[in-house]
Amino acid sequence: MARGVVPRQPAKSGRQEGTRRVGRGQSVRVAAVSARKGKTHAFKKGDAKLVVVKAKAPKPAKVRPPTPKDYNPVAPERVQAILKHLDALYPAAVCALHHRTAWELLVATILSAQSTDANVNRVTPILFQKYPTVQDFAALNPEQLEPDVRSTGFFRNKSKSVVGAAKKIVADFGGEVPQEMEQLLTLPGVARKTANVVLGSWFGKGVGIVVDTHVHRISRRWEFTKHDDPPKIEQDLMKIIPQQRWILFSHQVIHHGRNLCLARNPKCADCPIEPLCHAEDKTWTTVEVHKGAKA
Ligand code: SF4
């Protein structure tokens with residue numbers, strides 16, 4: 001110890017430098033910081049108590065796993081993982097349009113354009129009671145059908161399509177809905193989506209994938225396609241989804257689109273597929289989001 005330097009002695013008064021007497025015989029160190037406990041003790045003038053101010057915990061940095069450089073959205077492992085989740089979520093997904101025959105399913109699918117399945121399901125029981133067979137529809141002119149399908153929207157076009165399809169089925173296919181894609185596509189108002197619904201859900205033929213509004217949106221969110229055109233989306237999906245899954249896949253995706261992956265405000269926090277999804281319009285995410293993957 002250096003000469004002349006005297007170690008500090010406790011004050012005889014009992015009051016140490018840096019302390020103030022508060023309350024009855026209580027003394028606290030002003031703004032003493034207990035680094036070990038992570039707390040700051042501060043004394044306020046006029047207070048008789050020791051005020052403890054908790055130090056703010058530092059915000060945890062957002063950790064998002066980086067995208068691997070070789071990330072491939074259509075890698076078979078990723079596609080399989082998504083299919084596995086769909087199986088767990090919707091093991092028995094089926095067509096939501098009520099029908100008893102191929103003809104009824106064809107009519108219901110034509111009416112479902114720009115409408116909800118629930119709305120179509122309200123209309124069709126009355127419609128098929130009034131016109132039970134395809135021959136009954138074939139005997140109509142479109143204007144006669146319009147009042148019965150008005151509530152499904154676009155009723156003039158839909159009436160023309162249904163009556164036109166009925167006339168063609170009676171004239172060219174012996175009153176039976178054809179079972180081949182090429183033949184179905186010759187019917188008025190029938191494009192690949194409607195043909196795929198009838199072939200898949202009635203005839204059990206998976207010759208294509210139904211691309212409706214839900215399949216369109218979700219395929220883009222999952223980066224299964226970059227296209228906006230349904231036939232091109234279908235082609236992209238057919239390349240990566242195993243053919244034996246084509247019928248079920250569209251039913252499952254349609255269910256997912258109705259339950260969780262909504263067009264606006266998808267319920268990403270509740271979605272088990274979330275860690276695999278990089279959609280730009282996710283509402284919650286634990287992974288890096290890619291530009292260009294939005295619906
Ligand atoms: S995480 Fe969100 S956007 Fe992605 S599939 Fe699930 S609900 Fe859809």
Side-chain angles (χ1 to χ4, degrees), residues 60-97 112-119 193 196-197 200-201 206 208-295:
K62 276 186 182 171
V63 182
R64 285 183 181 173
T67 314
K69 282 205 177 83
D70 55 353
Y71 170 71
N72 174 11
V74 295
E77 317 80 66
R78 179 174 183 267
V79 174
Q80 282 303 326
I82 289 177
L83 294 180
K84 220 171 156 187
H85 279 301
L86 288 176
D87 284 344
L89 283 166
Y90 317 106
V94 289
C95 180
L97 292 168
S112 71
Q114 310 291 323
S115 185
T116 63
D117 289 351
N119 195 19
K193 187 199 103 175
N196 274 325
V197 170
S201 293
I209 296 178
V210 175
V211 178
D212 75 338
T213 181
H214 300 293
V215 177
H216 177 155
R217 179 179 72 253
I218 296 171
S219 297
R220 284 178 59 83
R221 280 179 172 162
W222 289 343
E223 301 166 279
F224 284 176
T225 185
K226 284 186 165 54
H227 288 116
D228 257 326
D229 182 31
K232 287 184 180 164
I233 294 172
E234 186 186 355
Q235 289 304 312
D236 284 345
L237 293 175
M238 285 162 72
K239 284 180 202 147
I240 58 168
I241 307 295
Q243 186 167 7
Q244 71 272 18
R245 295 285 311 237
W246 287 357
I247 300 170
L248 182 61
F249 174 78
S250 47
H251 290 319
Q252 289 176 324
V253 175
I254 291 167
H255 277 69
H256 193 53
R258 290 195 182 121
N259 292 352
L260 293 171
C261 198
L262 312 177
R264 284 183 200 165
N265 296 321
K267 299 176 181 174
C268 303
D270 299 328
C271 175
I273 300 169
E274 187 281 321
L276 293 161
C277 178
H278 303 273
E280 202 178 45
D281 57 350
K282 281 170 82 174
T283 51
W284 185 79
T285 191
T286 58
V287 293
E288 188 182 330
V289 167
H290 300 289
K291 283 197 173 143
K294 80 175 177 185

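Counting convention: from 1, in listed order, for ligands and their atoms alike. Start at 1 with the first residue, then count along the sequence. On a predicted model such as this, the values are computed, not experimentally measured, just so you know. Just so it is clear, the values below take in all heavy atoms, side chains as well, and ignore hydrogens, waters and symmetry mates.
Ser250 places a side-chain N or O within donor-acceptor distance of the main-chain N or O of Ile247, the cut-off being under 3.5 Å. In this structure, Arg220 contributes its side chain and Ile233 its backbone to no donor-acceptor pair below 3.5 Å. The closest donor-acceptor contact from the side chain of Lys232 to the backbone of Thr225 lies at 3.5 Å or more, if one exists at all. A side-chain donor-acceptor contact under 3.5 Å links Arg78 to the backbone of Leu276. A donor-acceptor contact shorter than 3.5 Å links the side chain of His255 to the backbone of His251.
Regarding atom 2 (Fe) of ligand 1, its nearest protein heavy-atom neighbour is Cys268 SG, 2.3 Å. Atom 5 (S) of ligand 1 has its closest protein heavy atom at Trp222 NE1, 3.2 Å. The protein atom (non-hydrogen) at minimum distance from atom 6 (Fe) of ligand 1 is Cys271 SG, 2.4 Å.
Residue Trp284 places no heavy atom under 4.0 Å from ligand 1.
At least one N, O or S atom of Cys261, from either the backbone or the side chain, sits less than 2.8 Å from atom 8 (Fe) of ligand 1.
Atoms of ligand 1 found under 4.0 Å from any heavy atom of Cys277 (numbered from 1 in listed order, with element): 1 (S), 3 (S), 4 (Fe), 5 (S). Atoms of ligand 1 found under 4.0 Å from any heavy atom of Arg221, numbered from 1 in the order shown, are 3 (S).
A salt bridge links Asp281 with Arg221: at least one charged nitrogen is closer than 4.0 Å to a carboxylate oxygen.
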